[in-house]
2 protein chains.
Amino acid sequence: MTLSEQQLSLIEEFGVYQENNGFQPAVARVMGLLLVSDRAELTFDEISEALNISKSATSNALNMLLNTGHIEYTTFPGDRKRYFRIKSSNWRDLFEKKMEDLSHLNGLLKRVMDVRKRENPIYDAKLNDFISFLDYMKNRMPSLIHEWEKTRK
Amino acid sequence: MTLSEQQLSLIEEFGVYQENNGFQPAVARVMGLLLVSDRAELTFDEISEALNISKSATSNALNMLLNTGHIEYTTFPGDRKRYFRIKSSNWRDLFEKKMEDLSHLNGLLKRVMDVRKRENPIYDAKLNDFISFLDYMKNRMPSLIHEWEKTRK
DNA sequence: AATTTAGTTCTGTAAATTATGAACTAATGA
DNA sequence: TCATTAGTTCATAATTTACAGAACTAAATT
């Protein structure tokens, strides 16, 4: 399997992006490779060779991605290899994780408001604003998604 | 300055949350402390003592947060100390960063679609869907924010 | 039965991160 | 003038992480 310059640099850029989302470097590169490769499904050895990472790193990365539900694999009769691919259903999950993350933040901020006893309540107004903003966004999400789905048909 | 059990554990939880957003542990704790403390403004030594971190770690954390615009300070005549507080304007920025991050992702995904030559275009449909979904969300954001502002008045 | 294949698991370690403590500075106060 | 205050800077120590390489396993193939 050969990768173009563009594919290689996109793997790196996507890799860095996913490192910032908490993935290990090699794990993030595997995701990038499965995303940009011309073939949707790649074997263990193809991944290891394309990214120039050891078998142990490859094994670790693939198992991590399998456990977290980011990839899956198929097999073919009479072929012991597994063919790994990105779980396409996971795109929407990625968005939802960001939203859940904001929800988590909002939970923390609400507890902040409960816990602290500010002598000067001026500082509370802005924080309350933000909390209500996040609540509003969260409430609007389902209808937004619904509206988008309508535009698709 | 004394902190309740609740405040202490909230500092830790918020700290972990911000570590996942790429902040150093001590930096994340300083943000947490400034957020939950009863007084909105704290001095260098109060921060250092409350969190039990060295002066150098405190200095590093405060300068980092000042440089990135997360905190600011006031001074008072005849008092050499600086009084640090969270920049309240930064709440909305936090949300915007998440949105920009999704925008960055979408840019990468569009390039993925350009670069790869999938023999089986079935895998492309889902990705295209997600790209269009992110575009839709981005376009709707300004009006959503506007709507929220109206509910506030 | 021996070899190959498709991985996994187990050390070891290089590199990066994060914090400490000690020495320093620059301004203020006694 | 000497001490104190409010920090900063630097060298270094302690962790953490991330991966390589070698040894291993379990199934299939020869």
Side-chain angles (χ1 to χ4, degrees), chain A residues 1 8 11-12 14-34 39 41-68 70-85, chain B residues 1 8 11-12 14-34 39 41-68 70-85:
Chain A
M1 183 194 28
L8 285 170
I11 290 169
E12 289 308 310
F14 186 81
V16 168
Y17 178 82
Q18 289 295 54
E19 279 183 51
N20 290 327
N21 279 319
F23 292 94
Q24 291 178 1
V27 174
R29 300 302 179 284
V30 170
M31 296 181 81
L33 172 61
L34 291 176
R39 268 186 298 131
E41 291 170 336
L42 300 179
T43 66
F44 188 103
D45 282 335
E46 284 173 330
I47 293 164
S48 174
E49 280 161 31
L51 296 176
N52 230 314
I53 56 179
S54 67
K55 285 173 70 171
S56 52
T58 307
S59 176
N60 163 62
L62 290 172
N63 286 319
M64 171 137 295
L65 291 170
L66 284 169
N67 287 332
T68 54
H70 287 91
I71 64 170
E72 58 192 355
Y73 63 84
T74 19
T75 52
F76 299 99
D79 184 352
R80 214 145 39 104
K81 287 183 191 113
R82 292 178 293 175
Y83 292 80
F84 298 94
R85 62 163 173 264
Chain B
M1 184 194 27
L8 285 170
I11 289 169
E12 289 308 310
F14 186 80
V16 169
Y17 178 81
Q18 289 295 53
E19 279 183 50
N20 290 327
N21 278 320
F23 291 94
Q24 294 178 1
V27 174
R29 300 300 179 286
V30 170
M31 295 182 81
L33 172 62
L34 290 177
R39 268 186 299 130
E41 292 169 338
L42 300 179
T43 66
F44 188 103
D45 281 335
E46 284 173 330
I47 293 165
S48 173
E49 279 161 32
L51 297 176
N52 230 317
I53 56 179
S54 66
K55 285 173 69 171
S56 49
T58 307
S59 176
N60 164 61
L62 289 173
N63 286 319
M64 173 137 296
L65 291 170
L66 284 169
N67 288 330
T68 54
H70 287 91
I71 64 170
E72 57 192 355
Y73 63 85
T74 18
T75 52
F76 298 98
D79 184 352
R80 225 161 12 119
K81 289 183 190 112
R82 293 178 292 173
Y83 292 81
F84 299 94
R85 62 161 174 265

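Within every chain, numbering begins at 1; the chains are lettered A, B, ... in the order of the sequence lines, protein sequences first and strands thereafter.
Rounded to a whole Å, the CD1 atom of Ile53(A) is 14 Å from the C1' atom of dG21(D). Between the OH atom of Tyr73(B) and the C1' atom of dA6(D) there is a distance of 12 Å, rounded to whole Å. We find that CD of Glu49(B) is positioned 11 Å from P of dA6(D), with the value rounded to whole Å. As rounded to whole Å, 15 Å separates atom C1' of dT20(C) from atom CG of Leu51(B).
Residues meeting the side-chain hydrogen bond (donor to acceptor under 3.5 Å, both in side chains) test with Arg82(A), sequence neighbours left out: none. With sequence neighbours excluded, the residues forming a side-chain hydrogen bond (donor to acceptor under 3.5 Å, both in side chains) with Asp79(B) are Tyr83(B), listed by chain and number. With sequence neighbours excluded, no residue satisfies ring pair (Phe, Tyr, Trp, His ring centres under 6.0 Å) with Phe14(B). In terms of the side chain to side chain contact (heavy atoms under 4.5 Å, CB included) criterion, residue partners of Asp45(A) (sequence neighbours excluded) are, by chain and number, Thr43(A), Glu49(A). For Thr75(A), the side-chain hydrogen bond (donor to acceptor under 3.5 Å, both in side chains) criterion is met by no residue, not counting sequence neighbours. Scanning for side chain to side chain contact (heavy atoms under 4.5 Å, CB included) contacts around Thr58(A) gives Phe44(A), Ile47(A), Ser48(A), Ile53(A), Leu62(A), with sequence neighbours left out. In terms of the side-chain hydrogen bond (donor to acceptor under 3.5 Å, both in side chains) criterion, Asn20(A) has no residue partners (sequence neighbours excluded).
Taken residue by residue, residues 21-33 of chain A places heavy atoms nearer than 4.0 Å to DNA chain D at Gln24(A), Pro25(A), Ala26(A).
Within the 3.5 Å criterion, the main-chain N or O of Ser59(A) finds a donor-acceptor partner in the side chain of Asn63(A).
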*For nucleotides 4-10 of chain C, read 5' to 3', which letter fits each nucleotide if B means a protein heavy atom sits under 4.0 Å from the base, S means only the sugar-phosphate is that close, and - means neither?*
-BSBBBB
